[in-house]
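Taking it in order: structure first as structure tokens, then the write-up.
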Amino acid sequence: MSLLEVKNLSFTYGTGTAFEKKAVNDVSLSIEQGEFIGIIGHTGSGKSTFIQMLNGLIKPTEGQIFLDGKDIWENPKKIRKVRFKVGMVFQYPEYQLFEETVEKDIAFGPKNMGLKDDEIKERVASAAKFVDLKSELLKKSPFELSGGEKRRAAIAGVIAMDPDILILDEPTAGLDPRGRDVLLSQISSYHKSKNNTVLLVSHSMEDISQIADKILVMNKGNMFAFDETKKIFSKGEEIEKIGLQIPQITKIMIGLAKRGYKLPTDIYSVEQAVNEILRLQRV
Amino acid sequence: MLKEITLGQYFPGKSVLHKMDPRMKIILLTCYIVFIFFTKNYISLAIMAVSVLGVLTLSKVSPKLYFKSVKAIIFIVIFTSALNLFYGTGEPIWQWGVLKITQAGINTAVFVAVRIIALVLISSVLTYTTSPTDLTDGIEKLLKPLTFFHIQVHEIAMMMTIALRFIPTLLEETDKIMSAQKARGANFESGNFMNRIKALIPILVPLFVSAFRRAFDLAMAMESRCYHGGDGRTRMKVLKYSKYDFMALGVLTVIFVGVIVCNVMLPVTIRTGM
């Protein structure tokens, strides 16, 4: 049984008005425990709507979502339980901070889950550790932190709920290159140590290709492709046709292959490319 | 949920009403409001009601949107009408204890209901067919004479423009913050009154913080573009009356005269000051 199964999921905005728009159209896929999945697509490709349906913030107009084999909308009153299991970090999550101290803000989720005080404390400490927030920062007001620290504090607030599935919507938006690398490696090591499932939305193929096992490509509300990272890049040219960037190194490999070199085109990291080119020279 | 609020929203279009000068629309709307309360008998009320419906058709905005704006106030209409229904003087038609309904009561109830609905509809026409910038431009031009009394008309208009501009932004922001807090298990739907008030804190604090941040950013952006108020400021689009404005003025003058004639010639159905 898959951890999360999505069947014929569709969502239409503003049914019956002039603004009617199908944001997500008939998406079916299944996600296994422990997978790291990258989601990529243009603005308006339906990726945000799609992930918000996964934790019950938006109710699908058609189709079903099964979490551990159970339809999440079977009992609408228990939808909050689903939200604890499927943690969601929104874009620019630092704008949701509101408590007096960082510590209290991170504890907001666990508190809503109805946990005991000492367990909340434990969770706050471990969540803060994952995103590398120093303990002296925890006593400060969230509004005194720097931009990057705020972002990490907000992410810790979701991690503290210890969700089975963690969804992050463009967590690196607006960060400088260094901050971006640090955050991505923190997410990656969180994934490895917890061995839970992570869904990462991004518009940067370069970022996603480095850490995701599988990639979901969305285009105009449809599922364009959902496959292992390597296989996705073997379709590099098709992906470029729908206007998405593929990693530079993949572009180079496709270009070389076109010029007659016998090179594979499903390469997405520089090391792989170097190995392949060296191999070709040796022959 | 919050996206459903249509009040004060603009729907771009190419109807005659969209082409009219905002100043003329504001003036005519004011006259409309006055005349809606001027109606004294069913004939003049009918004239106003029919003309309002005519204006709605001319606007070419979907009737559903008008229906929505009426739906928002339907409780106020029902409440005030019901109250008036029992407060009429004269011979009771129906009586039960202290409650009595008189012919005058029925009349006032009908008048109040029709007047409020007409008022909301005709005001919606203005906001639906006029972009916020045009609207404030019009208001600024119309209030210009007040500068004589040292009232900062330009500043008031600018404040209105900014306020209108940020309504959708703040609504969207509220929606986002609500989703983010719901994802952390915030519960807005159940619990007692105090709990519900408390549940608003996680929304209000971030909302205020972001409103102030936006205000600072905007002030900075305006200053760096050398904004210094209205003195000597010229406009890219200069307001001009067109033939549509004079046509509208003509037609509405006829309607208003009709209402006055009806009021004078026909018996009064409801007495004012009752």
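All values below come from the heavy atoms of this structure, side chains included, with hydrogens, waters and symmetry mates left out. First the proteins, then the strands, lettered A, B, ... as listed; each starts at 1.
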Atom NZ of A:K85: over 12 foreign heavy atoms under 6.0 Å:
no

Between B:S210 and chain A, which part of the residue has a heavy atom less than 4.5 Å away: side chain, backbone, both or neither?
neither

Among all residues two or more places apart in sequence or in another chain, which pass the side-chain hydrogen bond (donor to acceptor under 3.5 Å, both in side chains) test with A:S146?
A:E149

Return yes when atom CZ of B:R235 has more than 12 non-hydrogen atoms of other residues, nucleotides or ligands closer than 6.0 Å, and no otherwise.
yes

Within a reach of under 6.0 Å around NE2 of B:H154, are more than 12 heavy atoms found that belong to other residues, nucleotides or ligands?
yes

From B:I177 CD1 over to A:F98 CZ, what is the distance, rounded to the nearest 0.5 angstrom?
11.0 Å

Heavy-atom pair count under 4.5 Å with chain B, highest-scoring of A:R83, A:K81, A:Q91, A:M113:
A:R83

Segment of A:Y95 engaging chain B (4.5 angstrom heavy-atom cut-off):
both

Could you list which of residues 35-60 of chain A have a heavy atom closer than 4.5 Å to any heavy atom of chain B, in residue-number order?
A:Q52, A:N55, A:L57

Within 6.0 Å of CD in A:Q33, more than 12 heavy atoms from elsewhere
yes

Would the distance check show the side chain of A:Q96 and the main-chain N or O of B:P206 forming a donor-acceptor pair, the cut-off being under 3.5 Å?
no

Pick one of side chain, backbone, both or neither for A:M88, based on which atoms fall under 4.5 Å of a heavy atom in chain B.
both

side-chain hydrogen bond (donor to acceptor under 3.5 Å, both in side chains) partners for A:D105, two or more places apart
B:R184

Below 4.5 Å from any heavy atom of chain B, which atoms of A:F143 appear? Answer side chain, backbone, both or neither.
side chain

Taking B:S62, B:A186, B:P202, B:S179 one by one, which has the highest count of heavy-atom pairs under 4.5 Å against chain A?
B:P202

Applying side-chain hydrogen bond (donor to acceptor under 3.5 Å, both in side chains) as the test, list every pair that has at least one member in residues 69-78 of chain A; sequence neighbours left out.
A:Q64-A:D71

In terms of heavy-atom contacts, B:G185 and A:F84 come closest through CA-CE2, 3.5 Å

